[in-house]
Asker: 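Let me give you the structure first, and then I'll get to my questions.
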Amino acid sequence: MMEKMEGKRKKLCSLACAGLVLFLGLLLIIGGILVLLLFRSFVHNLIMSEIPLRPGSQVTEAWIKPPVRPLLQMFFFNTTNPEGFLRGEKPLLVEVGPYVYEEEWEKVDVTWGEEGDSVKYRLKKVYKYRQDLSGDLRESDRLTLPNVPMFASVNQMRYAGRLVQSALSSMLEILKQEVFNSTSVRDIIWGYDHPLIKLGNDVLPEEKRLPFNKFGFFVNKNHSVSGIWETMTGVDQVKDVAKVISYDGQTKLDFWGDDECNAIKGTDGSLFHPEVQKNETLFIFNKDLCQSLPLVFQEEVMHHGLNTLRFVPPANVFGTPQENPRNRCFCPTGHCSPSGLFNISSCQFGSPMMLSWPHFYQADPALLDAVEGLHPVQEKHQFQIDILPKMGVGMRASVKSQINLVMRQMDNVRQLKGVRDMIYPILWFTDGVEDLEDEDTISLLQTAVHTPEMARNLLYPIMLVVGVLMVLATMAFVIRRYFFSPSSTMVHPVTEMTNLPISKAGYGNGAFSYEHPQRKT
């Protein structure tokens, strides 16, 4: 009786174990299918939820104080034949640089909107000269460059009468102004006292005065704080993260006569929306560029094992209206610049300055033919930003631009004798991050991009294979248990011989009987 109960208990235990294994196997199969179909979208939604700017988040802290080391590299076109140029020769220009400055960026005065969908801030920049990266070049080096303030003063009087221009010529003679100056690099960049700047601010109406008393291409930029940026946080729609709403309270520019050219689009360049696509046009807004600069996809580039998309300005971004109809509204007073130049006088206090890409890259060949010493190369002189498409993070940024002086002949100003109408290159610079160096940031980005896909590709095959094996094992056990095991009611012919009936008289089969009949007497 006990043996039967023990056997029944073992049978129930084996059935329970088989059922548990079958359940777990089916669970693993279902889990593997779910991982295959849903894991990618689950992780994607999880990452997207972390990208919007929120107070105190890891993304926001990196956005406020980027863990990067930006470098500003300055290159100057030193004029080696100033007297020869005034005699009619082509200017012989020798590129001198780079003069390298390390930058520190930080967003200050950060204020969050009441509903959390917008944020206001100012951008603080600090520059520090890196002698170790500049080689033998020193900030005290002196270079021969055009006297920009003098050309700006003359430009203001180009439509004045002969008498006024003659008076200007006399004033320039008194102030000992010449076409070229020998100036230190430090003064050219950060500013120095110039008599024409001081004179202009003394005599001009208040609305036409300059906001500084020195001349320098980066005057008042070091330890400076920008105007107030207002951007979207992406809380409501992650595609809107870092999108500029306004700058200094203005939702559009007022330099141009067209809403399209005045429109403020895109981001400030420190962050882009996630899931960047190759077929879209991105925009960077920078007040110093006087426009929202479009960027289009060029090629794929690898950084730290991460595939990035390189975006660059379109080849015709500074083209003539015939080459790029969008640029028609960038022509002040109807006068359009040659191809490859962008007139910034409207947003730079009327200064006779034009922007181009370094070494007149993608510009009208006539500009290059007018000077000696410029050699445009795409790899060195193209504006580029490499973006990690999944996160919208810039892995490399090389913002490049060249500043050119618009020289105009003016016969009534004696100091300009020998000057002719031309675009004169002065300097070019590249500003940005050559490569991410912060190991924690790189590791975080690699984890966000690679780990989810690696986990998915590892999980679902293992779950499916183990689940199928467990189901097959259960099926094999059941089949063997119920279809191939011996029946408990079968009788063995040998072991049950004692149950056979035996004849009492012993006359059975004589071959198997030990009893013999007795003889009768």
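Everything numeric here is computed off the predicted structure, so don't read it as measured data.
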Asker: Is any side-chain heavy atom of Q277 less than 4.5 Å from a side-chain heavy atom of P389?
Answerer: no
Asker: Among side-chain atoms of S356 and N404, is any donor-acceptor pair under 3.5 angstrom?
Answerer: yes
Asker: Just checking K252: does its NZ atom have more than 12 heavy atoms from other residues, nucleotides or ligands closer to it than 6.0 angstrom?
Answerer: no
Asker: Might you work through the side-chain hydrogen bond (donor to acceptor under 3.5 Å, both in side chains) test for Q384 and S398, ending with a clear yes or no?
Answerer: CA-CA 5 Å; Q384 303 169 343; S398 184; 5.3 Å; no
Asker: Please lay out, stage by stage, how E102 and R130 fare under the test salt bridge (charged side-chain N to carboxylate O under 4.0 Å, His left out).
Answerer: CA-CA 6 Å; E102 183 176 333; R130 289 291 302 270; 2.4 Å; yes
Asker: Nearest 0.5 Å please: distance from the CH2 atom of W105 over to the CG atom of L123.
Answerer: 8.0 Å
Asker: How far apart are the C-alpha atoms of S140 and S184, what are their side-chain angles, what is the distance that settles it, and do they pass the side-chain hydrogen bond (donor to acceptor under 3.5 Å, both in side chains) test?
Answerer: CA-CA 5 Å; S140 57; S184 72; over 6 Å; no
Asker: Determine, using ring centers only, whether F77 and H359 are less than 6.0 Å apart.
Answerer: yes
Asker: If you take all heavy atoms of Q131 and Y129, which pair is closest and at what distance?
Answerer: OE1-CE2, 3.3 Å
Asker: Considering residues, nucleotides and ligands other than K243, do more than 12 of their heavy atoms fall under 6.0 Å from its NZ?
Answerer: no
Asker: A side-chain contact here means heavy atoms from C-beta on lying under 4.5 Å apart; do V406 and M353 qualify?
Answerer: no
Asker: Keeping the roles fixed (side chain from E173, backbone from M171), state whether a donor-acceptor pair exists under 3.5 Å.
Answerer: no
Asker: If you measure from CD1 on I284 to CG on L295, what distance do you get to the nearest 0.5 Å?
Answerer: 4.5 Å
Asker: Check for me whether the distance between the ring centres of F217 and W190 falls short of 6.0 Å.
Answerer: no
Asker: Could you tell me whether a side-chain N or O of D141 sits under 3.5 Å from a main-chain N or O of R138, the two making a donor and an acceptor?
Answerer: yes
Asker: When you measure from the side chain of N327 to the backbone of V317, do you find a donor-acceptor pair of N or O atoms at a distance under 3.5 Å?
Answerer: yes
Asker: Could you tell me which non-hydrogen atom of V108 sits nearest to which non-hydrogen atom of V225, and how far apart they are?
Answerer: CG2-CG1, 4.2 Å
Asker: So which heavy atom on K239 is nearest to which on E275, and how close?
Answerer: NZ-O, 3.4 Å
Asker: Is there a side-chain contact between L388 and V276 (heavy atoms, below 4.5 Å)?
Answerer: no
Asker: Run the side-chain contact (heavy atoms from CB on, under 4.5 Å) test against Q250 and tell me which residues pass, sequence neighbours left out.
Answerer: D254
Asker: Does any N or O in the side chain of S57 come within less than 3.5 Å of the main-chain N or O of T60, such that one atom is a donor and the other an acceptor?
Answerer: yes
Asker: Can you give each donor-acceptor pair under 3.5 Å made by side-chain atoms of residues 110-122, sequence neighbours left out, with the distance rounded to 0.1 Å?
Answerer:
unit_1 : atom_1 : unit_2 : atom_2 : d
Y121   : OH     : D268   : OD2    : 2.7
R122   : NH1    : S226   : O      : 3.0

Asker: Hey, is K124 close enough to E106 for a salt bridge, meaning N to O under 4.0 Å?
Answerer: no
Asker: Okay, side chain of N201, backbone of F212: is any donor-acceptor separation there less than 3.5 Å?
Answerer: yes
Asker: Less than 4.5 Å apart, any side-chain heavy atom of M407 and any of P146?
Answerer: yes
Asker: Flag the pair Y361 / Q382 as yes when at least one side-chain heavy-atom distance between them is below 4.5 Å, and no otherwise.
Answerer: yes
Asker: Answer whether the closest heavy-atom distance between the side chains of L445 and T447 falls below 4.5 Å.
Answerer: no
Asker: Tell me the closest heavy-atom pair linking T233 and V241, and the distance in Å.
Answerer: O-CG2, 3.4 Å
Asker: Using atom types as modelled and distance alone, determine if a side-chain donor or acceptor of D386 lies under 3.5 Å from a backbone N or O of M395.
Answerer: no
Asker: Does the pair K125 and E104 meet the rule for a salt bridge (charged side-chain N to carboxylate O under 4.0 Å, His left out), with working shown?
Answerer: CA-CA 6 Å; K125 288 188 176 183; E104 182 180 332; over 6 Å; no
Asker: Can you tell me how far the CG atom of N343 sits from the OG atom of S337, to the nearest 0.5 Å?
Answerer: 4.5 Å
Asker: Using the side-chain contact (heavy atoms from CB on, under 4.5 Å) rule, take F76 and I188 through it: C-alpha gap first, then chi angles, then the decisive distance, then the call.
Answerer: CA-CA 10 Å; F76 295 90; I188 296 168; 3.5 Å; yes
Asker: Between N279 and F297, is there a side-chain heavy-atom distance shorter than 4.5 Å?
Answerer: no
Asker: Hey, could you give me the CD/CG distance between E372 and L368, rounded to the nearest 0.5 Å?
Answerer: 9.0 Å
Asker: Roughly how far, to the nearest 0.5 Å, is the CG atom of N155 from the OG atom of S345?
Answerer: 7.5 Å
Asker: Apply salt bridge (charged side-chain N to carboxylate O under 4.0 Å, His left out) to the pair K128 and E103, showing each step before the final yes or no.
Answerer: CA-CA 6 Å; K128 179 182 178 182; E103 302 176 60; over 6 Å; no
Asker: Between S169 and Q165, is there a donor-acceptor pair closer than 3.5 Å when you use the side chain of the first and the backbone of the second?
Answerer: no
Asker: Would you say that M302 contacts N307 through its side chain, given a criterion of any heavy-atom pair below 4.5 Å between the two side chains?
Answerer: yes
Asker: Other residues, nucleotides and ligands only: do more than 12 of their heavy atoms fall within 6.0 Å of CD on Q409?
Answerer: yes
Asker: Can the ring centroids of Y424 and F85 be said to lie less than 6.0 angstrom from one another?
Answerer: yes
Asker: Is a donor on one side and an acceptor on the other found under 3.5 Å between the side chain of T308 and the backbone of V301?
Answerer: yes
Asker: Using side-chain contact (heavy atoms from CB on, under 4.5 Å), reason through L253 and F285 one step at a time and then give a plain yes or no.
Answerer: CA-CA 11 Å; L253 302 175; F285 172 72; 3.8 Å; yes
Asker: Classify the angle between the aromatic ring planes of W256 and F330 as parallel (below 30°), tilted (30 to 60°) or perpendicular (above 60°).
Answerer: perpendicular
Asker: Is there a donor-acceptor pair under 3.5 Å between the side chain of N222 and the backbone N or O of Y127?
Answerer: yes
Asker: Is there a salt bridge (charged side-chain N to carboxylate O under 4.0 Å, His left out) between D421 and R408 once you walk through the steps?
Answerer: CA-CA 4 Å; D421 292 350; R408 289 189 175 93; 5.9 Å; no
Asker: Are there over 12 heavy-atom neighbours, none belonging to K380, within less than 6.0 Å of that residue's NZ?
Answerer: no
Asker: For the backbone of N147 and the side chain of N181, can you confirm whether one donor and one acceptor N or O come within less than 3.5 Å of each other?
Answerer: no
Asker: Do E439 and H304 have side-chain atoms, one donor and one acceptor, less than 3.5 Å apart?
Answerer: no
Asker: Centres of the F429 and F218 rings: under 6.0 Å?
Answerer: yes
Asker: Report the residues that fulfil salt bridge (charged side-chain N to carboxylate O under 4.0 Å, His left out) with D136, sequence neighbours left out, ordered by chain and then residue number.
Answerer: none
Asker: Taking atom NZ of K287 and atom CD1 of I264, what is their separation to the nearest 0.5 Å?
Answerer: 10.0 Å
Asker: When you check the gap from the basic side-chain N to the acidic O, do K221 and D288 get nearer than 4.0 Å?
Answerer: yes
Asker: So which heavy atom on I423 is nearest to which on M354, and how close?
Answerer: CD1-SD, 4.2 Å
Asker: Which heavy atom of S339 sits nearest a heavy atom of E323, and at what distance?
Answerer: OG-OE1, 2.7 Å
Asker: Would you confirm whether the ring centroid of W428 sits within less than 6.0 angstrom of the ring centroid of F383?
Answerer: no
